[in-house]
2 protein chains.
Amino acid sequence: MSQSSNKTEDLPPSRQLPRSPCPVACALDILGDRWTLLVVRDLMLGRTRFKDFSASPEGIPTNILTDRLERLVRHGIAERIPAAEGSKRFAYKLTEKGEALRPVLRAMRDWGLVWEEGTRAALSES
Amino acid sequence: MSQSSNKTEDLPPSRQLPRSPCPVACALDILGDRWTLLVVRDLMLGRTRFKDFSASPEGIPTNILTDRLERLVRHGIAERIPAAEGSKRFAYKLTEKGEALRPVLRAMRDWGLVWEEGTRAALSES
DNA sequence: CCATTCGCTTGCAAAATGCAAGTGAAAATA
DNA sequence: TATTTTCACTTGCATTTTGCAAGCGAATGG
């Protein structure tokens, strides 16, 4: 029980997290891919169920969705709760940490609306 | 010259850009990976040369850096200029579109500082 | 009870990533 | 000018991640 800890110390350097103490780098360690922030967006739009995320227009593959939901929960950004009382199916909702990502998504939305042609907002102002 | 246009129409659906008209999705089509926004961060910190980006603490591989700089230039976020007048080497700087990403990076930095332990800001207030 | 939906899992091909090593031109130095 | 060093990549290759389709058991609805 002395070799191979539960941290990332024995992984190749590129997979060790965090890559640096930079808050941007740390954020990207968690959120830096093509899908994760889209799931967060969906959560901010009030979607809660696996099938809802799956039905979003970008068409996230279900295995990726499973992985990303797990990652969000593991990092305390989302939580998994019963879909209804007594139900054995689950819903997801943002934690406080996840809600705190709103300014990031807002800034990204605003940038996209101004600089990328043909985009239109789904999230209204808030 | 009629088959295979310069767009993404003949790529598999998952690689077609944009994935949707959502401004967040469009932004992520360009910026959604673990490295691109770190290069943008470096540019915002005033770094301009390939070697500077390469020397950042996260240690971006040089082949990836080449690819990401190219992508940023292609999307009009950065531009490639002579490193000095008369020099045949190049420097990179943010365009107006790239500067417009500052709120995104700021929001991400603020989130990281609050929610990820052990992070410290490199960019000061602005 | 039966059909349908949900929330995944699995298998596999293709693409992206990470690493080390190499290269040729440009710049710095002697 | 000659030599060395730096720079900005490129290449090759192993590993990892992604995307897609199909399948599957439990939960739900009728």
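Residue numbers begin at 1 in each chain, while the letters A, B, ... track the order of the sequences. Computed over heavy atoms, backbone and side chain alike; hydrogens, waters and symmetry mates excluded.
The two residues B:L113 and B:A121 make their nearest non-hydrogen contact at CD2-N, 3.6 Å. The two residues B:G112 and B:T119 make their nearest non-hydrogen contact at O-OG1, 3.1 Å. For the residue pair A:K97 and A:H75, the shortest heavy atom distance occurs at NZ-O, 2.9 Å. Scanning all heavy atoms of the two residues, the minimum distance from B:P21 to A:G118 falls at CB-O, 3.7 Å. Nearest heavy-atom pair, A:L43 versus A:A78, reported as atom, atom and distance to 0.1 Å: CD1-CB, 4.2 Å. Closest heavy-atom contact between A:A100 and B:W111: O-CD1, 3.4 Å.
Residue A:Y92 places at least one side-chain N or O under 4.0 Å from the OP1 or OP2 atom of C:dC8. OP1 or OP2 of C:dG18 lies within a sub-4.0 Å distance of a side-chain N or O belonging to B:R34. OP1 or OP2 of D:dC9 lies within a sub-4.0 Å distance of a side-chain N or O belonging to B:R80.
Nearest nucleotide to the side chain of B:W35, out of C:dG7, C:dC8, C:dG18: C:dG18. When each of D:dT10, C:dT10, C:dT17 is scored by its nearest atom to the side-chain atoms of B:T62, the top-ranked nucleotide is D:dT10. Here the side chain of B:R49 is nearest to one of D:dT11, D:dG19, D:dA8, namely D:dA8.
Between the CG atom in A:D29 and the CZ atom in A:R19 there is a gap of 4.5 Å [rounded to 0.5 Å].
Spacing between atom CZ of A:F90 and atom C1' of D:dA27 amounts to 12 Å, rounded to whole angstrom units. In this structure, A:D33 atom CG and C:dT17 atom C1' are separated by 14 Å, rounded to whole Å. Here the C1' atom of nucleotide C:dG18 and the CG atom of B:L38 are 15 Å apart, to the nearest Å. Spacing between atom CG of B:L17 and atom P of C:dA15 amounts to 14 Å, rounded to whole angstrom units. Across the protein-nucleic acid pair, B:R19 atom CZ and D:dT18 atom C1' stand 12 Å apart, rounded to whole Å.
Among pairs with a residue in residues 79-91 of chain B, those fulfilling side-chain hydrogen bond (donor to acceptor under 3.5 Å, both in side chains) read B:R80-B:Y92, at least two apart in sequence or across chains.
Against DNA chain D, the stretch residues 50-59 of chain B makes heavy-atom approaches under 4.0 Å through B:F50, B:K51. Non-hydrogen atoms lying under 4.0 Å from DNA chain C are contributed by A:T66, all within residues 64-79 of chain A.
Looking only at distances, a side-chain donor or acceptor of B:T95 sits under 3.5 Å from a matching main-chain atom of B:G76.
For the helix from C:dC1-D:dG30 to C:dA30-D:dT1, the terminal axes (five pairs an end, C1' atoms, rotation from four pairs onto the next four) enclose an angle of 40°, given to 10 degrees.
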Steps toward salt bridge (Lys or Arg N to Asp or Glu O under 4.0 Å) verdict (A:D33, B:R34) | CA-CA 6 Å; A:D33 69 86; B:R34 296 174 62 253; over 6 Å; no

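The side-chain contact (heavy atoms from CB on, under 4.5 Å) test with A:R71 is passed by exactly one of A:V39, A:T66, A:T36: A:T36.
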Determine all donor-acceptor pairs shorter than 3.5 Å in which one atom belongs to a side chain in residues 51-63 of chain A; sequence neighbours excluded.
{"from": "A:D52", "atom 1": "OD2", "to": "A:R49", "atom 2": "N", "distance (Å)": "3.1"}
{"from": "A:S56", "atom 1": "OG", "to": "A:D42", "atom 2": "OD1", "distance (Å)": "3.2"}
{"from": "A:S56", "atom 1": "OG", "to": "A:D42", "atom 2": "OD2", "distance (Å)": "2.6"}
{"from": "A:S56", "atom 1": "OG", "to": "A:R47", "atom 2": "NH1", "distance (Å)": "3.1"}
{"from": "A:E58", "atom 1": "OE1", "to": "A:R41", "atom 2": "NH2", "distance (Å)": "2.9"}
{"from": "A:E58", "atom 1": "OE2", "to": "A:R41", "atom 2": "NH1", "distance (Å)": "2.8"}
{"from": "A:E58", "atom 1": "OE2", "to": "B:S20", "atom 2": "OG", "distance (Å)": "2.6"}

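Residue B:R120 places its CZ atom among 12 or fewer non-hydrogen atoms of other residues, nucleotides or ligands, all under 6.0 Å distant.
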Mark up nucleotides 23-28 of chain C, 5' to 3', with B wherever a protein heavy atom is under 4.0 angstrom from a base atom, S wherever such an atom reaches only the sugar-phosphate, and - elsewhere.
-> --BBS-

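B:I77 and B:I64 fall within the same hydrophobic cluster, defined by Ile, Leu, Val, Met, Phe, Trp and Tyr side-chain heavy atoms under 4.5 Å apart, directly or through other members.
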